[in-house]
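A short worksheet on the structure shown next.
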Amino acid sequence: MSKPLIGVTTYLETAAWGVWKMPAAVLPAGYPRLVQAAGGLAVLLPPDDPASAESVVARLDGLVVAGGADVEPVRYGAEPDPRTGPPARDRDAWELALIRAALAAGTPLLGICRGLQLLNVALGGTLVQHLDGHVGGVGVFGRHTVKPVPGTRYASIVPEATSVPTYHHQSVDRLATALTASAHAEDGTVEAAELEGAGWVLGVQWHPEAGEDVRVMSALVGAAG
C-alpha cells in the first residue's frame, strides 16, 4: 500500500552551507520527519506561481502549511504594528492559493502556527499582531498547556489537556465564521481551529514538529490515506 503524499510549504531565505551562501528553499527538518513518523511521504513546496496551486494540490493527498514569517496585515485589512515582521509577499500569495485550492478540492489540510493564521485570514478572519508569553526566548521554543474543546475534531485526536512547544507572537483575533475554535491556551488564545462540515481541515498554533507527539500529523495522514 502506497503512503499518502503530503506537501509541506517552505521558506525562501538566504542560507549558508559548506562554501555556499545563496537564496534557498528551506524548512526545519522537524516537518518532514513528523510527516514520515506519521506514515506519510513528505514533498517540499517552495513558493511558486499562485496560478499553479490547483494543479499542485491535485497531485497531493494532504497539505501542511508550515510556520514562518508574519502574515502581511494588508491581507486582513489592518495597518502593520511596529512589532510585525517584514512581509513575505510571495509566500503569502502562494500559500493562500494552496489553502483555497485544498479547500475547494477537499484535500486534507493542516496549518501549523502561521498556517493556522493564514487559514483564518483566507476565510475572512483577522490576527493579533503581537502577543506576549508564547515563546521561550529568541530562537527558543516555550511550552504551555492547550485545552481541547469537547466535541471537536481536535478533541477526538487529543482528548486531554497537553503541554505543547510554542513560538508565536501572533495569533487569531477575530475567528473566521467558517471556523470553530477547538483548543485554547490558559490565557484564552485560540490554539486550534477547524473547519465545520465535511472535509479534514485543522490549524494548530503550536509547533508539533518541535515535539514528540505525532497524533495531529497522524490524523492528517490518516485522512489523506
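These numbers come from the heavy atoms of this one structure, side chains and all, not from hydrogens, waters or symmetry mates.
- Remark: the backbone N or O of Arg153 is paired with a side-chain donor or acceptor of Glu194 at under 3.5 angstrom.
- Interatomic distance, Leu63 CG to Ile99 CD1, rounded to the nearest 0.5 Å: 7.5 Å.
- By the 4.0 Å N-to-carboxylate-O rule, Arg114 lies close enough to Glu95 to be salt-bridged with it.
- Nearest heavy-atom pair across Cys113 and Gly67 is CB-CA, 4.2 Å.
- Applying the 6.0 Å contact sphere to CZ of Arg215 captures more than 12 heavy atoms from other residues, nucleotides or ligands.
- Arg143 contributes a side-chain N or O that, together with a main-chain N or O of Ser163, makes up a donor-acceptor pair within less than 3.5 Å.
- Across all non-hydrogen atoms, the minimal contact from Thr9 to Arg91 is OG1-NH2, 3.8 Å.
- From Gln117, atom CD reaches atom CD of Gln129 across 10.5 Å, with rounding to the nearest 0.5 Å.
- The closest donor-acceptor contact from the side chain of Trp200 to the backbone of Thr107 lies at 3.5 Å or more, if one exists at all.
- Annotation for Glu54: atom CD does not count as buried by contact number, only 12 or fewer foreign heavy atoms lying within 6.0 Å.
- Residue Val128 is not grouped with residue Leu118 when hydrophobic side chains (ILVMFWY) are merged at heavy-atom distances under 4.5 angstrom, including chains of intermediate members.
- More than 12 heavy atoms of other residues, nucleotides or ligands lie within 6.0 Å of CH2 in Trp17, so this atom counts as buried by the packing criterion.
- Two different hydrophobic clusters hold Val57 and Val8 under the rule that ILVMFWY side chains link at heavy-atom gaps under 4.5 Å.
- Formation of a donor-acceptor pair under 3.5 Å by the Thr84 side chain with backbone atoms of Pro80 is not found in this model.
- In this structure a side-chain-to-backbone donor-acceptor pair under 3.5 Å is missing from Thr10 to Leu27.
- By the 30° and 60° cut-offs, the orientation of the rings of His207 relative to Tyr31 is perpendicular.
- Legend: salt bridge (charged side-chain N to carboxylate O under 4.0 Å, His left out) pairs involving residues 6-23, not counting sequence neighbours: none detected.
- Leu44 and Leu98 fall into different hydrophobic clusters, where Ile, Leu, Val, Met, Phe, Trp and Tyr are joined by side-chain heavy atoms under 4.5 Å apart, directly or via other members.
- Nearest heavy-atom pair, Arg83 versus His130, reported as atom, atom and distance to 0.1 Å: NH1-CD2, 3.2 Å.
- Looking only at atom types and distance, the side chain of His168 has no donor-acceptor partner in the side chain of Gln170 under 3.5 Å away.
- Annotation for Ser171 and Thr189: closest pair CB-CG2, 3.8 Å, computed over non-hydrogen atoms.
- Judged purely by atom type and a 3.5 angstrom limit, Asn120 has no side-chain atom pairing as donor or acceptor with the backbone of Leu127.
- In this structure, Glu79 places its CD atom where only 12 or fewer heavy-atom neighbours from other residues, nucleotides or ligands lie under 6.0 Å away.
- Counting non-hydrogen atoms of other residues, nucleotides and ligands closer than 6.0 Å to CG of Asp90 gives a total of 12 or fewer.
- A salt bridge does not link Glu209 to Arg33: none of the charged side-chain nitrogens sits closer than 4.0 Å to a carboxylate oxygen.
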Residues Leu179, Glu196; criterion side chain to side chain contact (heavy atoms under 4.5 Å, CB included); working and verdict: CA-CA 6 Å; Leu179 294 174; Glu196 298 179 357; over 6 Å; no
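- One N or O on the side chain of Thr126 and one on the backbone of Arg174 form a donor-acceptor pair closer than 3.5 Å.
- For Tyr154 and Trp206, the gap between ring centers is short of 6.0 Å.
- Of the N and O atoms on the side chains of Glu191 and His144, at least one donor lies less than 3.5 Å from an acceptor on the other residue.
- Contact detail for Val158 and Val216: the closest heavy-atom pair is CG2-CG2, 4.4 Å.
- Side chain of Thr166 to backbone of Val164: no donor-acceptor contact under 3.5 angstrom is found.
- Looking only at distances, no side-chain donor or acceptor of Asp61 sits under 3.5 Å from a matching main-chain atom of Ile6.
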